[in-house]
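Naming: A, B, ... by sequence-line order, numbering from 1 per chain. Note that the coordinates shown come from a computational prediction; the quantities given were computed from them, not determined experimentally.
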Number of protein chains: 2
Amino acid sequence: MSSETIDTPTKIVQATLGLLERPNAKLPTMTDIARATGISRQAVYLHFPSRTDLLVAATRYQDQQNQVDAALAPSRGARSGAERLDAFVTAWGNYIPKIYGVARAIMAVTDTDAEAAAAWNTRMQDMREGCAAAVNALAEDGSLPPNTDIEQATDLLWTLLSVRNWENLTQTCGWSQDCYISTIRGLAMATIARDLGALTDVLACTEPPA
Amino acid sequence: MSSETIDTPTKIVQATLGLLERPNAKLPTMTDIARATGISRQAVYLHFPSRTDLLVAATRYQDQQNQVDAALAPSRGARSGAERLDAFVTAWGNYIPKIYGVARAIMAVTDTDAEAAAAWNTRMQDMREGCAAAVNALAEDGSLPPNTDIEQATDLLWTLLSVRNWENLTQTCGWSQDCYISTIRGLAMATIARDLGALTDVLACTEPPA
DNA sequence: GTTGTCAATTGACACTGTGTCAAGCAAGCG
DNA sequence: CGCTTGCTTGACACAGTGTCAATTGACAAC
């Protein structure tokens with residue numbers, strides 16, 4: 001039933017994602033995208049007014065395809081604040097690799113294109129709400145350190161979980177995904193939930209040399 | 001004695017830094033730079049073969065002007081590993097704002113220009129050596145957590161101290177420089193030197209609302 | 001003073017990439 | 001048949017990088 005013919009905008013978006021998801025992808029030009037879709041460059045403009053719009057549409061399509069909400073759901077069902085933080089860090093940390101290709105492209109144009117920057121900010125703001133929810137849950141438990149500003153704790157968690165940090169550790173430094181997750185989780189649990197036991201997970205990764 | 005007439009390459013570099021250092025600076029074009037220097041666009045090419053070369057020269061000039069080595073010197077004189085880590089984090093953290101303008105410009109072209117990426121990587125690699133030195137000092141003290149891989153600890157410290165994290169916390173979230181320093185220092189001391197007392201500094205910032 | 005050299009100037013051009021516009025074509029449908 | 005819809009080709013304007021050639025002005029050497 002879903003094997004109906006795919007409409008052109010969707011084909012364009014899929015082709016764009018295909019280009020973006022290959023390792024070491026450069027920013028595709030409109031010509032690249034048209035060629036990958038199998039239509040003319042001008043036809044792309046018939047459906048997307050600008051490259052930025054197309055990139056934004058691509059992220060939306062991808063989120064929908066990946067069921068972000070579903071991936072982040074377990075954290076909403078957690079009983080304690082600490083559990084919630086833990087589940088959220090794990091869920092988001094494992095979601096990043098799926099969106100990294102597109103994220104890189106959007107972050108790259110962010111410096112030159114205000115519209116792209118706005119779109120990316122909105123998306124990160126959504127993620128930030130997850131951070132805020134976890135921090136709030138901790139606050140209700142009373143497991144936040146004394147005198148902690150909730151905003152600040154959210155800022156810190158949000159920064160720890162940034163795509164840039166994931167990129168640094170896994171792409172530049174070559175860490176495994178597991179190692180990334182356990183370290184960042186330990187960091188978050190220790191600094192925000194003051195679960196000092198979590199520190200044993202930090203830097204306790206044995207991985208085969210690359 | 002130093003009030004001699006400044007040579008043109010230096011004038012160009014200074015003008016470029018001037019453009020880069022204003023808040024919310026866009027990436028300046030060669031025309032912008034020429035205008036700011038007070039010479040023709042073509043004259044810029046007489047001294048720098050490409051925009052990337054110019055940006056790279058600008059970072060070098062700036063490092064030299066700012067005496068990075070001097071700024072990072074105190075950490076080399078530290079007695080214990082923990083002291084050294086502490087001093088390094090503080091020194092680098094306070095150095096970032098001075099280079100942020102240029103750093104932003106270079107990071108922005110990093111996605112499209114391999115040469116710029118290489119230059120920036122080299123620079124970050126230099127910073128990484130400072131991280132490695134601090135981690136090594138801790139290792140000699142025996143104050144690294146058991147079974148810690150030195151490389152991994154260096155990776156983590158290096159990531160915590162990234163310009164992107166500084167940007168996130170101070171520029172996007174609006175943290176004060178002091179707040180940034182004390183939080184990152186606490187994070188580093190707690191996770192790498194296992195100085196749990198340092199956690200009290202994390203999120204313990206009271207700052208007036210923006 | 002003439003000559004040479006050097007730095008900078010003007011003006012033109014090639015090239016890449018984005019985004020716009022107009023005319024035409026083919027399919028499907030009333 | 002004529003109309004609409006989606007796509008095509010081909011041309012163009014615009015911004016920005018980087019290149020090239022011819023010219024000017026200053027300054028020093030002879």
Applying side chain to side chain contact (heavy atoms under 4.5 Å, CB included) to Pro145(A) and not counting sequence neighbours gives Thr148(A), Arg194(A)

Close approaches to DNA chain C from residues 104-119 of chain A, in residue order (heavy atom, under 4.0 Å): none

Return the set of residues passing salt bridge (Lys or Arg N to Asp or Glu O under 4.0 Å) with Arg164(B) (not counting sequence neighbours), or none when no residue passes. Glu167(B)

Give a yes or no on whether the backbone of Thr29(B) and the side-chain of Asp32(B) come within a donor-acceptor separation of less than 3.5 Å. yes

Chain B footprint on DNA chain D, 5' to 3' - any atom under 4.0 Å from a heavy atom: dG16(D) to dC20(D)

Quick one: salt bridge (Lys or Arg N to Asp or Glu O under 4.0 Å) partners of Glu21(A), sequence neighbours excluded? none

We want to know whether Trp175(A) and Gln152(B) form a side-chain donor-acceptor pair, criterion being a heavy-atom distance below 3.5 angstrom. no

Report, one pair per line, the protein and nucleotides 16-18 of chain C atoms (nitrogen or oxygen only) whose separation is under 3.5 Å.
unit_1  : atom_1 : unit_2   : atom_2 : d
dT18(C) : OP2    : Met30(A) : N      : 3.3

Sorted by first residue and then second, give each salt bridge (charged side-chain N to carboxylate O under 4.0 Å, His left out) pair with at least one member in residues 115-124 of chain A; sequence neighbours left out. Asp63(A)-Arg123(A)

Regarding Leu46(A), tell me which of base, sugar-phosphate or nothing describes its non-hydrogen contacts under 4.0 Å with the strands shown. base

Taken in chain and number order and not counting sequence neighbours, the residues that satisfy salt bridge (Lys or Arg N to Asp or Glu O under 4.0 Å) with Asp111(A) are none

Does anything in residues 174-190 of chain B pair up under salt bridge (charged side-chain N to carboxylate O under 4.0 Å, His left out), and if so which pairs, sequence neighbours excluded? Asp86(B)-Arg185(B)

Inter-axis angle, terminal five-pair segments of the helix from dG1(C)-dC30(D) to dG30(C)-dC1(D) [nearest 10°]: 20°

Side chain to side chain contact (heavy atoms under 4.5 Å, CB included) involving Gln67(A) - partner list, sequence neighbours excluded: Ala70(A)

The residue, Gln42(B) or Gly38(B), whose nearest nucleotide of DNA chain C is more 5′ is Gly38(B)

Minimum side-chain heavy-atom gap Val89(B)-Ile184(B) below 4.5 Å: yes

Just checking, is any N or O donor in the side chain of Glu129(B) or Trp158(B) under 3.5 Å from an acceptor N or O on the other one? no

For residues 35-43 of chain A, which side-chain donor-acceptor pairs fall under 3.5 Å, sequence neighbours excluded?
unit_1   : atom_1 : unit_2   : atom_2 : d
Thr37(A) : OG1    : Ile33(A) : O      : 2.7
Ser40(A) : OG     : Ala43(A) : N      : 3.3

Please examine the side chains of Leu85(A) and Asp195(A), heavy atoms only from C-beta on, and report whether any two atoms are closer than 4.5 Å. no

